[in-house]
Amino acid sequence: QVQLVESGGGLVQPGGSLRLSCAASGSIFSIRTMGWYRQVPGKERQLVAVIPSGGTPNYADSVKGRFTISRDNAKNTVYLQMNSLKPEDTAVYYCNMYYRRTYYDPYGEIWGQGTLVTVSS
């Protein structure tokens, strides 16, 4: 069974930095896209950044120039480097991957359990 395990969340002051990690474990043949989303209570989950396999990352306008998404295909891991954090970045961050177990399987979607990022003085 494939699982995503996130780490790196926590409390940080405005202007500070955090790095989130999300590692996939289990039987995986390939991962097409890796991404990060975030959600605050009472609101829908929103895209933060996504990085396709061999493609150009895309970012939400609100994080452009401050956040950087990267991936390590050998480790089936996606990272989110968050700099110049603002209180409005406070949310639960979820990683997301589209993967397939074998060459013959269709792509499926999987989510991490979420990690809380709190930006506050």
Side-chain angles (χ1 to χ4, degrees):
Q1 184 175 356
V2 176
Q3 291 183 325
L4 301 184
V5 178
E6 302 176 16
S7 61
L11 174 65
V12 62
Q13 292 186 343
S17 298
L18 280 176
R19 188 191 194 210
L20 305 182
S21 300
C22 175
S25 63
S27 179
I28 297 173
F29 174 74
S30 66
I31 301 174
R32 186 171 65 190
T33 60
M34 298 182 180
W36 289 95
Y37 292 71
R38 64 188 182 187
Q39 188 171 23
V40 297
K43 293 191 176 181
E44 293 185 354
R45 193 171 296 184
Q46 295 183 327
L47 174 70
V48 175
V50 62
I51 182 168
S53 177
T56 302
N58 288 311
Y59 298 92
D61 288 343
S62 59
V63 306
K64 283 181 180 177
R66 300 188 297 122
F67 291 10
T68 302
I69 189 171
S70 61
R71 59 189 286 171
D72 185 333
N73 292 326
K75 296 181 179 180
N76 289 334
T77 299
V78 61
Y79 305 96
L80 185 68
Q81 178 65 44
M82 304 185 292
N83 298 329
S84 302
L85 282 160
K86 305 175 181 180
E88 51 263 44
D89 295 317
T90 296
V92 177
Y93 284 71
Y94 297 89
C95 66
N96 170 276
M97 296 187 187
Y98 279 88
Y99 75 100
R100 51 180 175 172
R101 296 175 185 267
T102 72
Y103 177 81
Y104 302 101
D105 286 329
Y107 280 96
E109 184 180 26
I110 189 169
W111 291 89
Q113 80 282 3
T115 185
L116 178 62
V117 172
T118 303
V119 184
S120 175
S121 56

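All of these numbers come straight from a predicted model, not from anything done at the bench. FYI, side chains are in, hydrogens and waters are out, and symmetry mates aren't considered; it's all heavy atoms of this structure.
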Say whether [X] and [Y] are linked into one hydrophobic cluster, either directly or through other cluster members, by side-chain heavy-atom distances under 4.5 angstrom.
X: Tyr99; Y: Val78; result: yes
X: Ile31; Y: Val48; result: yes
X: Tyr98; Y: Ile69; result: no
X: Val117; Y: Leu4; result: yes
X: Trp36; Y: Ile110; result: yes

With a 4.0 Å cut-off, would you call Lys64 and Asp61 a salt bridge? yes

As an exercise, state the distance from [atom1] of [X] to [atom2] of [Y], rounded to the nearest 0.5 Å.
X: Ser120; Y: Leu85; atom1: OG; atom2: CG; answer: 12.0 Å
X: Ser53; Y: Arg32; atom1: OG; atom2: CZ; answer: 10.0 Å
X: Met82; Y: Arg19; atom1: CE; atom2: CZ; answer: 11.5 Å
X: Arg71; Y: Met97; atom1: CZ; atom2: CE; answer: 8.0 Å

Is it true that atom [atom1] of [X] has more than 12 heavy atoms of other residues, nucleotides or ligands lying nearer than 6.0 Å?
X: Gln1; atom1: CD; result: no
X: Glu44; atom1: CD; result: no
X: Gln113; atom1: CD; result: yes

Minimum-distance pair of heavy atoms, taken over all atoms of [X] and [Y]:
X: Ser84; Y: Ser17; result: N-OG, 4.4 Å
X: Arg101; Y: Val2; result: NH1-CG2, 4.0 Å
X: Ile51; Y: Ser70; result: CD1-CA, 4.1 Å
X: Leu116; Y: Val92; result: CD1-CG2, 4.0 Å
X: Ala49; Y: Leu80; result: CB-CD1, 4.3 Å

Checking Arg45 against Tyr37: charged group under 6.0 Å from the ring centre and within 45 degrees of the axis? no

Quick one about Ser30 and Arg100 (side-chain donor to acceptor, distance below 3.5 Å, no hydrogens or angles considered), yes or no? yes

[Y] and [X], any side-chain heavy atoms less than 4.5 Å apart:
X: Asp89; Y: Phe67; result: yes
X: Arg38; Y: Val63; result: yes
X: Met34; Y: Cys95; result: no
X: Ser21; Y: Lys75; result: no

Decide side chain to side chain contact (heavy atoms under 4.5 Å, CB included) for Asp72 and Tyr79; before the verdict, give the C-alpha distance in whole Å, the side-chain angles of both, and the deciding distance to 0.1 Å. CA-CA 8 Å; Asp72 185 333; Tyr79 305 96; 4.1 Å; yes

Side-chain (Thr115) to main-chain (Tyr93) donor-acceptor, under 3.5 angstrom: no

Any sub-3.5 Å donor-acceptor pair from Glu6's side-chain atoms to Gly114's backbone N or O? yes

